[in-house]
Number of protein chains: 2
Amino acid sequence: MSPAENATRPGGRTARTRAAVLAAVGEELAEHGYDGLTVDGVAARSGVHRTTVYRRWGTVEGLLVDLLTTGADDSWAPADTGSLEGDLVSLNREVRTALAAAASLTVAVIAASFRMQGAADALSGFWRDRYERSAIVVTRAIERGEVPAGTDAERVLMLATAPLYHQLVLRRQPMSAAVAKRYAEDAAAAARAGIVLQR
Amino acid sequence: MSPAENATRPGGRTARTRAAVLAAVGEELAEHGYDGLTVDGVAARSGVHRTTVYRRWGTVEGLLVDLLTTGADDSWAPADTGSLEGDLVSLNREVRTALAAAASLTVAVIAASFRMQGAADALSGFWRDRYERSAIVVTRAIERGEVPAGTDAERVLMLATAPLYHQLVLRRQPMSAAVAKRYAEDAAAAARAGIVLQR
DNA sequence: TTGTTAATGCGACTGGTGTTGCATTAAGAT
DNA sequence: ATCTTAATGCAACACCAGTCGCATTAACAA
């Protein structure tokens, strides 16, 4: 980022309060979970005044959105293991780790997205970016001749990852790493069998 | 149900109140969506006093849970079309219809489940029941020799339906009936190819 | 019909979230 | 060093959601 950013006065104090507040959000989230996350709690822990938090972030959801966009890793890319199956297994391992954590930031933002449009948009953008970047694992598999040309990347990724979201986030049931891996293997096998073709 | 139910005094007034309130919930939900659903709004529309609603249902989530469990169809069973693919396509059509509706009760309960344990439990139970009943479509396919013995019913159902939940509920992106159908076809094809075996 | 009491109606109250006007502090320019 | 003003601190306030005690209504039993 450029040192000027785009804020009107991004100097030391503003940056400090912002850092203190966002850090407090992470700590409160880990300690009390999403349900126990309140603006007052964050303000008290950060040492910043209630009013300041309300003025700059508005709501709990605003805090989460800021944390999500700030924490987004611009350099993220799916692992390149040399095979589609390996890549998908690696991807599912990452997704499972993010979702199965006791106080998952991802799950917290998902919960927030049902209440606040801003959180929904941030999450939607996050996923769009991730799935676009992930499409390369299918492209590489096509180039290697591992799967047929015309294999639908989006559908392959969906078959691999969607069960994790459904079971861990919506159904709230545990899923072992082995089962998560198996969904990745299923998606890879289906792609290799020429089942997941575009039309 | 037996006429006695299990309430202490289930007579005319109680039943009327309950019916009026639950009807109001449905109407408010259709009119204002989940975000605009408030206890006061429901009470005003139903003509029942605020306090009564609070006493009997506690919160908005309690109202939704009651509506969900009341509306649950005990006789539900997956369609028997004669083929695994047909059965899964039919299933996905049902799921998509339930999720894509403008003011979907299912989506409302999902949203509520992130706030209230009772809603989460009700939803969890609802899904467990549905997936257990749905497993028969794989059993039938095995009996017909359409798919190998040892095909994992749960995984087949997950591959077919999870993408719908992920895209429609979490990513909040539209999904055409054609795409929903394709995921059902993918799952059926993968099962036929012997990819989705238990281990 | 009469009596009992669960269920409901009613109003006042509490607690917590979010807002507003003004004073104070400190970042950045000169 | 001094000035300007954005950012923050502070206290008082408004506003809902949710609760509580008590009065009233009506379901069920006798």
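Because only heavy atoms are used, hydrogens play no part in the values below, and waters and symmetry mates are left out as well, while side chains stay in. In what follows, chains carry the letters A, B, and so on, assigned in the order in which the sequence lines appear, proteins first and then strands, with residues in each chain numbered from 1.
- In the helix from dT1(C)-dA30(D) to dT30(C)-dA1(D), the end axes, each obtained as the rotation axis mapping the C1' atoms of four pairs onto the next four within a five-pair block, lie 30° apart to the nearest 10 degrees.
- A donor-acceptor contact closer than 3.5 angstrom links the side chains of Thr161(B) and Tyr131(B).
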Expected list for residues 58-65 of chain B: side-chain donor-acceptor pairs under 3.5 angstrom, two or more places apart:
| residue | atom | partner | partner atom | Å |
| --- | --- | --- | --- | --- |
| Thr59(B) | OG1 | Glu61(B) | N | 3.3 |
| Thr59(B) | OG1 | Glu61(B) | OE1 | 3.2 |
| Thr59(B) | OG1 | Gly62(B) | N | 3.3 |

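- Contacts between residues 40-50 of chain A and DNA chain C, counted as heavy-atom distances below 4.0 Å, involve Asp40(A), Arg50(A).
- Taking hydrophobic clusters as Ile, Leu, Val, Met, Phe, Trp and Tyr residues chained together by side-chain heavy-atom distances below 4.5 Å, Leu29(A) shares a cluster with Ile110(A).
- There is a side-chain donor-acceptor pair under 3.5 Å between Thr70(A) and Arg18(A).
- Checked against side chain to side chain contact (heavy atoms under 4.5 Å, CB included), Glu185(B) has the following partners two or more places apart in sequence or in another chain: Arg199(A), Glu85(B), Val89(B), Lys181(B), Arg182(B).
- Scanning residues 51-58 of chain B for heavy-atom distances under 4.0 Å to DNA chain C yields Thr51(B), Thr52(B), Arg55(B), Arg56(B).
- In this structure Arg128(A) satisfies the salt bridge (Lys or Arg N to Asp or Glu O under 4.0 Å) test with no other residue, sequence neighbours excluded.
- A cation-pi arrangement is present between Arg130(B) and Trp76(B) under the rule of less than 6.0 angstrom and at most 45 degrees off the ring axis.
- Side chains of Thr14(A) and Arg56(A): a donor-acceptor N/O pair is absent below 3.5 angstrom, by distance only.
- Side-chain contact check for Ser75(A) and Asp73(A): at least one donor-acceptor pair (N or O, by modelled atom type) lies under 3.5 Å.
- Geometric assessment of Arg171(A) against the ring of Phe126(B) yields a negative cation-pi assignment under the 6.0 Å and 45° thresholds.
- Within the 4.0 angstrom heavy-atom criterion, only backbone atoms of the sugar-phosphate kind lie near Thr17(A); the bases stay farther away.
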